[in-house]
Q: 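The structure under discussion is supplied below as structure tokens; questions concerning it will follow.
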Amino acid sequence: MKQPWIMEQTWRDLVFLHWPISPNALRPFVPAELEIDLFDGQAWVGVVPFIADRTRLRCSLPVPIAGTYRELNVRTYVPCNGRSGVYFFSLDADSLPAVKAASAGGFLPYRYARMKVAKKDGRYVFTSHLAKPAIGESFQVGFMPSAGILESSELERWLTERYCLWTKPKTALYRVDIVHAPWQLQTVHIEIAENSLAGFLPAGWNAEEPLAHFSALQKTRFYPPVKEHK
């Protein structure tokens, strides 16, 4: 990295939920400059709930009020200029300061949502309701991780080991690089009670049981946005 990192964050109690989908279903919603990444000819949509903790800017302490919040993102995977990363359809969080900062100028598609995480006897329940009722997106998943770290398959690494994201707030495409250790994934038993996310996708896209993984902790650093040149 040519420039120093600008923000640090710890992700806790993160769940990857992945569904296969036709790339044609995603194409209208991904910038034309970006290809849709495929594994054996198949595109994937990810839904990722987690707790963002100890958020801080470089050379500062964790933000007292906005440093910890819950987040839920909907994403797919894209390559560009020899890199493979993430493109977000939505990023929901229950911190208004975080939402306002990250979505300033339309940079990232952050939205404010009411969220809750409860834990009892090793089982978690993550709930999210978008604060704009006209959109009507809600999500609830119960999950219980199993002990032990997986030896990840090629597909599991392809889905999770992504070290940049792209965004197109106006007419220019930007890349944000991130750095963290390789994922320590665990198997996880899930029960999805509600999922009305990504209503722009074809009905039933999330009807099947997703490929699911859990990770307890991941410390991440973010680098300044870089304008992407095709």
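For the numbers below, each heavy atom of this structure counts, side chains included, while hydrogens, waters and symmetry mates do not. Nothing here was measured: the structure is a model prediction, and the numbers come from that model.
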Q: Can you pull the side-chain hydrogen bond (donor to acceptor under 3.5 Å, both in side chains) pairs that have at least one residue in residues 38-47, sequence neighbours excluded?
A: none

Q: Please report the shortest heavy-atom distance between Met144 and Gly122, naming the atom on each side.
A: CG-O, 3.6 Å

Q: Apply the hydrophobic cluster definition, ILVMFWY joined by side-chain contacts under 4.5 Å directly or through others, and give me every member besides Ile135.
A: Leu130

Q: Return the set of residues passing side-chain hydrogen bond (donor to acceptor under 3.5 Å, both in side chains) with Thr171 (not counting sequence neighbours), or none when no residue passes.
A: none

Q: Just wondering, do Tyr124 and Pro145 contact through their side chains at under 4.5 Å, heavy atoms?
A: yes

Q: Are Glu8 and Lys219 within salt-bridge range, i.e. N to O under 4.0 Å?
A: yes

Q: Would you check if Lys132 and Arg111 make a side-chain contact, meaning some heavy-atom pair closer than 4.5 Å?
A: no

Q: Test your reading of the model: is there a side-chain donor-acceptor pair from Thr167 to the backbone of Phe107, 3.5 Å cut-off?
A: yes

Q: List the atom pairs, with distances to 0.1 Å, where a side-chain N or O of residues 204-211 and a protein N or O form a donor-acceptor pair under 3.5 Å, not counting sequence neighbours.
A:
from, atom 1, to, atom 2, distance (Å)
Asn206, ND2, Asn195, O, 3.3

Q: Just to verify, what does Lys116 make a side chain to side chain contact (heavy atoms under 4.5 Å, CB included) with, not counting sequence neighbours?
A: none

Q: May I have the step-by-step check of side-chain contact (heavy atoms from CB on, under 4.5 Å) for Gln186 and Ser146, ending in yes or no?
A: CA-CA 6 Å; Gln186 298 168 238; Ser146 303; 5.8 Å; no

Q: Just to verify, what does Ala193 make a side chain to side chain contact (heavy atoms under 4.5 Å, CB included) with, not counting sequence neighbours?
A: Gln140

Q: My understanding is that only residues two or more places apart in sequence, or in another chain, count here; which of them pass ring pair (Phe, Tyr, Trp, His ring centres under 6.0 Å) with Phe16?
A: His18, Trp183

Q: Output yes when Asp13 and Lys119 qualify as a salt bridge under the 4.0 Å nitrogen-oxygen rule, no when they do not.
A: no

Q: Who pairs with His129 by ring pair (Phe, Tyr, Trp, His ring centres under 6.0 Å), at least two apart in sequence or on another chain?
A: none

Q: So, do Glu71 and Tyr110 sit near enough that their side-chain heavy atoms are less than 4.5 Å apart?
A: yes

Q: Checking Gln218 side chain against Ala181 main chain: does a donor-acceptor pair fall under 3.5 Å?
A: yes

Q: Mind checking side chain to side chain contact (heavy atoms under 4.5 Å, CB included) for Leu217 and listing every partner two or more places apart, or none if nothing turns up?
A: Thr10, Arg12

Q: Using side-chain heavy atoms (C-beta onward) and a distance below 4.5 Å, is Phe126 in contact with Leu72?
A: yes

Q: Compile the donor-acceptor pairs under 3.5 Å between side chains in residues 196-203 and protein atoms, sequence neighbours left out, one pair per line.
A:
from, atom 1, to, atom 2, distance (Å)
Ser196, OG, Gly136, O, 3.3
Ser196, OG, Ser138, N, 2.7
Ser196, OG, Ser138, O, 3.2

Q: Name all residues meeting the side chain to side chain contact (heavy atoms under 4.5 Å, CB included) criterion together with Ala101; count only those two or more places apart in sequence or in a different chain, and write none if there are none.
A: none

Q: Not counting sequence neighbours, which residues clear side-chain hydrogen bond (donor to acceptor under 3.5 Å, both in side chains) with Trp166? List them please.
A: Glu228

